[in-house]
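Chain identifiers are assigned alphabetically (A, B, ...) following the order of the sequence lines, protein sequences preceding nucleic acid strands; residue numbering begins at 1 within each chain. As the structure is a computational prediction, the values presented were derived from the model and not from experiment. Note: hydrogens, waters and symmetry copies are ignored here, and every other heavy atom, side chains too, is used.
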Protein chains: 2
Amino acid sequence: MVKEKLGSNVTMEFKHQPTATLAEVAEAAGVGESTVSRVLRNHGSFSGKTRERVMAAVERLGYVPNRIAGTLASTGSRLVAFVIPSLSNIVFPDVLRGAGAVLEENRYQAVFSVTDYDPGKEEALAAAMLAWRPAAVMLAGCEHTEGTVKMLRASGCRVVELLDLDGDALDIAVGFSNRAAGRESAAFLLKRGYRRIGYVGHDLNRDTRAGKRFSSFCETLDAHDAPLVAREILPGASSVENGRLGLERLLARTTDLDAVYFSNDDMALGGYFHCLAEGISIPSKLAIFGYNGLDIGRATPQPLSTIRTPRVATGEIAAQLVVANAPAQAVDLGFELIEGATA
Amino acid sequence: MVKEKLGSNVTMEFKHQPTATLAEVAEAAGVGESTVSRVLRNHGSFSGKTRERVMAAVERLGYVPNRIAGTLASTGSRLVAFVIPSLSNIVFPDVLRGAGAVLEENRYQAVFSVTDYDPGKEEALAAAMLAWRPAAVMLAGCEHTEGTVKMLRASGCRVVELLDLDGDALDIAVGFSNRAAGRESAAFLLKRGYRRIGYVGHDLNRDTRAGKRFSSFCETLDAHDAPLVAREILPGASSVENGRLGLERLLARTTDLDAVYFSNDDMALGGYFHCLAEGISIPSKLAIFGYNGLDIGRATPQPLSTIRTPRVATGEIAAQLVVANAPAQAVDLGFELIEGATA
DNA sequence: CCGCAAATTGGTAGCGCTGCCAAAAAACCC
DNA sequence: GGGTTTTTTGGCAGCGCTACCAATTTGCGG
């Protein structure tokens, strides 16, 4: 399993190598340290020939500026910290992708850690992130422990809450309303004439955004005298397999459903596959509705009926606001209901 | 779209807030700076009551240590830099997830940037990462520009190459052989009796690992006198939609295929959906084989035939080796062929 | 060729912490 | 109780860079 690489100096070469420093570059170029610094950051004024001499020395020594030192010396850091619930749920990589691109362009650096949907862990990780004195901290949702909130408030760094506008924002919030999403999903199913509706979801205590969608979904059904008929909540994270299992269980208990709302597209796909496997015709016998608008839902034999959320855009906008040091605000990016063919 | 949050002091509160420093804590606790430092890092010796006084002061001032300063002052950083091709391809979030968990436990911090499969960008980003003086840089694969290699060599930090063992490693390599994966995929299809085999893939110039699988797949077919019948290569990244489109095109050109190898599971799922939609029965009329072993492939009506790769484990092992400052080595985690029901 | 403004430059004090060393205090042993 | 150890502590010099300020050089008009 583990094949040691043949060769002599295995560990030797990793002694902390004396990297060139700014002072050495200055010396080599025959100029002052501050001049090198100015040239490298292209900030302040310097003559063309100075620039060339400095760059030549940089090249010659293979100098790579030390951002740690630079950040410490200057006032503001160019780090942005992400504290996200999960990397398995594609939602968060999508947000990271959007934000990462913008941050990169602006020479910011993204650092991240994963909470596993655990508010306690979120607090601990937020504290750990703050130790890097980031320019901003980005978190999922607007539900945080008291400790987290207090800490973030006290930190003086920008705070961006992502993907959930149903609550009070600490500073910047970018996303959309999950309650509205739940509401519109219900309204859509009702409009289509479905009345006996069930729900298959994953652990809602942890994923509060899914919880919000679900509760407003139910409220809407109630308001139309078509209360939820049955639900199946699986412990653990959302997954295609859980969706399939959940629907199977739900149908075993409840025979006359005409539509099922899933906590998200992963779950819904699982449900869809279950129907395909069992020969349950969609949507005539059973309708399926998801949430997220994953690309895969467009390529299934029948496009999935769902709500497409602006995940990448959420990351982009969030990053742009941070880079621009925009004032506190909430940005509603909305979402799009995809009619699809499964409902 | 953008609703300004009502309220007065919009920007004021973000002036660089004077966070408490170690010196202030020391002062407040009535001890020396080094004592505070020792207590906080639980390193060196100090009495129980000193500890309490320090912790009380820390609590009182809401002190959060500045890791930037700490890192600069101490020799080695606890940063690990990831330079990955993509966040859309679930492979990389999976690796990050595995590595992130281990790094977190060991109080390391992950930073990342995304190359979009562009070697030039990889070089630029690697340079940017090096500026943070990370303990290690993790890259995908073992194909890098000359500049990247030179830079990494000179940096003196650990280098980990992930997910590809077919090549010379710079330092540590963790993953498996893509060539072997391609070979075994071909062998499996041949063993099942398929002889007229096609391929649907995404941009192989960029994704060199997929390219390696494909070329050794073809070699194996050739060696068994069943050369590849047709191929359809789509520009751009892999996706379910491209897989579907690719298979559609391939079948339009070539009528008598009995199996298709896809560049990965995303693509294969697309192909699978195409067959479902067109009523092409699987695997009797057409077999489908993927790569990656995504969870979703286990939940489809017919489990996808594929190769399951140890993505999370790759991240975990890589992180463990870095944390342990292990000697240079290549770790072959292997992969598992999932027979599934689509081939 | 002088005087003054503008453009360049270098010196240096930190940024907040750690690592080293020596001083002080506590513990221990005849 | 004196002489050692051993533990606990504080002081302080950097880590490599940036920000500020003062010094130097250059440009230009008269």
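- Checking D:dT18, D:dC12, C:dC15 against the side-chain heavy atoms of B:S34 singles out D:dC12 as nearest.
- Per the geometry, NZ belonging to B:K49 stands 11 Å off C1' belonging to C:dA25, to the nearest Å.
- Atom CH2 in A:W132 sits roughly 16 Å away from atom P in C:dG16 (whole-Å rounding).
- Comparing B:A69 and B:E33 by the nucleotide of DNA chain D that holds the closest heavy atom to each, the one mapping nearer the 5' end is B:E33.
- For C:dC17, neither phosphate oxygen OP1 nor OP2 lies less than 4.0 angstrom from any side-chain nitrogen or oxygen of B:S37.
- Using a 4.0 Å cut-off between a side-chain N of Lys or Arg and a carboxylate O of Asp or Glu, A:R209 and A:D164 do not qualify as a salt bridge.
- Remark: P of C:dC17 and CG of B:L72 are 12 Å apart, rounded to the nearest angstrom.
- The phosphate of D:dG10 (OP1 or OP2) has a side-chain N or O of B:T35 nearer than 4.0 angstrom.
- Taking atom CG of A:L79 as the reference point, atom C1' of C:dC15 lies 15 Å away to the nearest angstrom.
- A donor-acceptor contact under 3.5 angstrom links the side chains of A:S37 and A:R41, judged on distance only.
- A side-chain N or O of A:E161 and one of A:H144 form a donor-acceptor pair less than 3.5 Å apart.
- Closest approach to the B:S74 side chain among C:dT18, D:dC17, D:dT7 is made by C:dT18 (side chain taken as heavy atoms from C-beta onward).
- Dashed line: the shortest gap from a side-chain N or O of A:T50 to OP1 or OP2 of C:dT8 is not under 4.0 Å.
- For C:dG19, one of the phosphate oxygens OP1 or OP2 lies less than 4.0 angstrom from a side-chain nitrogen or oxygen of B:R41.
- Distance B:E27 CD to D:dG11 C1': 15 Å, rounded to the nearest Å.
- Candidate nucleotides C:dT9, D:dG16, C:dC17 were compared by shortest atom distance to the side chain of B:N66, and C:dC17 ranks first.
- B:N42 places its CG atom 12 Å from the P atom of D:dT8, with the value rounded to the nearest Å.
- Interface remark: the B:R38 side chain does not form any donor-acceptor pair with the C:dG19 base, using a distance-only criterion of under 3.5 Å.
- In the model, A:S88 has a side-chain atom that pairs as donor or acceptor with a side-chain atom of B:R97 under 3.5 Å.
- Rounded to whole Å, atom C1' of C:dT18 lies 9 Å from atom CG of B:L22.
- A donor-acceptor pair shorter than 3.5 Å cannot be found between the side chains of A:R53 and A:T50.
- Put simply, B:T75 has no side-chain N or O that comes within less than 4.0 Å of OP1 or OP2 on C:dT18.
- When heavy atoms are screened at a 4.0 angstrom cut-off, B:S45 is found touching base atoms of the nucleic acid.
- Protein atom CD of A:E24 is 13 Å distant from nucleotide atom C1' of D:dC15, rounded to whole Å.
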